[in-house]
Amino acid sequence: MQYRIFGRTGWRVSAIGLGCWQLGGQFGEVSEADGIATVHAAIEAGINLFDSADAYGPRRSEEILGKALAGGRRPHVFVATKVGNLGRPDGHPLSFTTPEHIYACCDASLHRLQTDYIDLYQCHIREHPRHDVFLEAFERLVEAGKIRAYGTSSFFPSEIEFFDSHGRCHVAQIPYSVLERTYETDALPLCQERNIGVLVRGPLAQGVLAGKFAADHRFTDPTRTGWNTGDAQQRFQERRAAAEALRPMSGEGRSMAQIALAFAIAHPANTCAIPGARSPEQVRANAAAADLALTDDELATLRAIAPPA
């Protein structure tokens, strides 16, 4: 496993982390036992950063992660979670018009995670009219010792700059993959310039880059059922076809997914990619991608698949 300095935090984090959205069951049912086993397998494989959110499940992802890290594992890993979308999938989001909303959500996340502190707390909602409320709450939560660092799950440079108003935005969570390189031109250079760590979300394009979906695949999980019809289905088919360019590069002990992950962490701005996993086998395979070195020719081939817009 590779380890890298996580921007201004100074933390030494694994180049591959574990995105815990799947533990919430929104990509298909995951039992508590399987979720805990996946987290344990990740730690054994050298992963030391786990990213969740109160909206994943909702709440279930944090609950499983908290149970998995009990028994002495918590001090040896970095826990990141997010605030801002709780209730939104069910149609009754909080307004987040006062810091009290963030304080309440933070305390609830601490309880579910079975911890006294969150290493990284992130704003989970873009284009919110009261980001000042989040920033005020984050500053006070740092002072209270409930969080160690904060950041934003946003790819908009203006929002990253806003959360860095005090020079203390530690991390931005930005989508990046072989199929999504839009933010190479603005958000990623900004993070490099300011020494803001980057968590790469979507490095496998929600499974498309793993190359396991046939053209007639029908999605049944809550997150991707919309891909079965209309413009979303056409986009899925286009992305699935583009992902096939990775297949000739796979084999000889490396999968399409591992190639995609190696590409995501090869960009100099990206600190840690956080692919999801639903089983110990998946998370071990993802972790192995940290040690996969792509040649310059291979990187050039992959960059040609979807140049930045």
Side-chain angles (χ1 to χ4, degrees), residues 4-13 17 20 48-56 58-59 61-63 65-66 69-70 73-88 93-154 156-174 187 190-191 193-199 271-272 274:
R4 299 169 171 185
I5 300 302
F6 203 17
R8 297 166 174 168
T9 68
W11 305 338
R12 189 169 173 265
V13 302
C20 298
N48 69 356
L49 188 146
F50 298 84
D51 178 79
S52 187
D54 55 11
Y56 294 167
R59 296 176 290 275
S61 172
E62 288 184 331
E63 291 170 352
L65 182 58
L69 295 179
R73 294 179 178 86
R74 172 66 183 96
H76 304 291
V77 302
F78 299 101
V79 171
T81 195
K82 299 183 283 295
V83 58
N85 273 326
L86 185 64
R88 188 169 301 277
L94 294 175
S95 64
F96 293 103
T97 52
T98 169
E100 296 298 330
H101 292 162
I102 291 118
Y103 302 150
C105 287
C106 182
D107 285 344
S109 288
L110 287 167
H111 175 73
R112 288 188 290 268
L113 290 164
Q114 300 185 35
T115 185
D116 295 327
Y117 65 95
I118 293 165
D119 294 292
L120 172 64
Y121 207 34
Q122 303 155 95
C123 177
H124 200 188
I125 184 167
R126 296 184 298 277
E127 299 183 287
H128 191 277
R130 295 300 308 274
H131 273 152
D132 59 306
V133 168
F134 285 84
L135 185 57
E136 178 183 347
F138 289 170
E139 285 285 311
R140 292 183 180 177
L141 288 168
V142 169
E143 292 173 2
K146 292 186 177 183
I147 68 175
R148 297 176 65 197
Y150 63 78
T152 179
S153 181
S154 177
F156 295 129
S158 60
E159 293 187 356
I160 297 170
E161 289 174 336
F162 177 81
F163 277 96
D164 198 35
S165 298
H166 305 299
R168 288 191 287 273
C169 179
H170 291 86
V171 176
Q173 192 166 144
I174 297 173
L190 174 65
C191 290
E193 177 186 342
R194 299 196 178 201
N195 194 27
I196 295 172
V198 173
L199 280 180
T271 315
C272 172
I274 47 172

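To the nearest 0.5 Å, the span separating CD1 on I274 from CG on D51 amounts to 4.0 Å. Interatomic distance, I196 CD1 to E161 CD, rounded to the nearest 0.5 Å: 8.5 Å. The NZ atom of K82 lies 8.0 Å from the CG atom of L199; values are rounded to the nearest 0.5 Å. The line from CZ of R8 to CG of D164 is 4.0 Å long, rounded to the nearest 0.5 Å. Note that OG1 of T81 and CG of L65 are 8.0 Å apart. Values are rounded to the nearest 0.5 Å. Going from atom CG of L113 over to atom CD of E63 covers 9.5 Å, rounded to the nearest 0.5 Å.
Using a 4.5 Å heavy-atom cutoff, the side chains of R112 and D54 are in contact. Side-chain contact check for I174 versus C191: some heavy-atom pair is nearer than 4.5 Å. F6 is not listed as a side-chain neighbour of R12, based on a closest heavy-atom distance of 4.5 Å or more.
Among the candidates D116, I118, I147, the single residue satisfying the side-chain contact (heavy atoms from CB on, under 4.5 Å) test with L110 is I118. The one candidate from S154, C272, S153 that meets the side-chain contact (heavy atoms from CB on, under 4.5 Å) condition with Q173 is S153.
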Next on the checklist: Checking Y103 against R140 for the side chain to side chain contact (heavy atoms under 4.5 Å, CB included) test, could you report, in this order, the C-alpha distance in whole Å, the side-chain angles of both residues, the deciding distance, and whether it holds?
Outcome noted: CA-CA 9 Å; Y103 302 150; R140 292 183 180 177; 2.7 Å; yes
Next on the checklist: Before you tell me yes or no, could you show the steps for S109 and V83 under side chain to side chain contact (heavy atoms under 4.5 Å, CB included), namely the whole-Å CA-CA distance, both residues' side-chain angles and the distance that decides it to 0.1 Å?
Outcome noted: CA-CA 9 Å; S109 288; V83 58; over 6 Å; no
Checklist entry - For Y117 and R74, what are the C-alpha separation, side-chain angles and deciding distance, and is it a side chain to side chain contact (heavy atoms under 4.5 Å, CB included)? => result CA-CA 10 Å; Y117 65 95; R74 172 66 183 96; 3.0 Å; yes
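Aromatic pair F78/F50: centroids not less than 6.0 angstrom apart. Y56 has its ring centre less than 6.0 Å from the ring centre of H124.
A cation-pi arrangement is not found for R148 relative to Y121, the charged atom failing to lie both closer than 6.0 Å to the ring centre and inside a 45° cone about the ring normal.
Here the shortest heavy-atom pairing between F163 and C169 reads O-CB, 3.3 Å. Here the closest heavy-atom approach between residue E159 and residue E127 is recorded as OE2-N, 2.7 Å. For the pair K146 and C106, the tightest heavy-atom approach, listed with the atom from each and the gap, is CB-SG, 4.3 Å.
H131 places a side-chain N or O within 3.5 Å of a backbone atom of I125 that can act as its donor or acceptor partner. Checking side-chain atoms of R59 against main-chain N and O of E62 turns up no donor-acceptor pair under 3.5 Å. A donor-acceptor contact shorter than 3.5 Å links the side chain of D119 to the backbone of V79. Remark: side-chain polar atoms of T271 are paired, donor with acceptor, to backbone N or O of V198 under 3.5 angstrom.
When only modelled atom types and interatomic distance are considered, S52 and S61 share a side-chain donor-acceptor pair under 3.5 Å.
In terms of the side-chain contact (heavy atoms from CB on, under 4.5 Å) criterion, residue partners of V133 (sequence neighbours excluded) are, by chain and number, P99, I102, R130.
Ring geometry, Y150 versus F138: the interplanar angle falls from 30° to 60°, so the pair is classed tilted.
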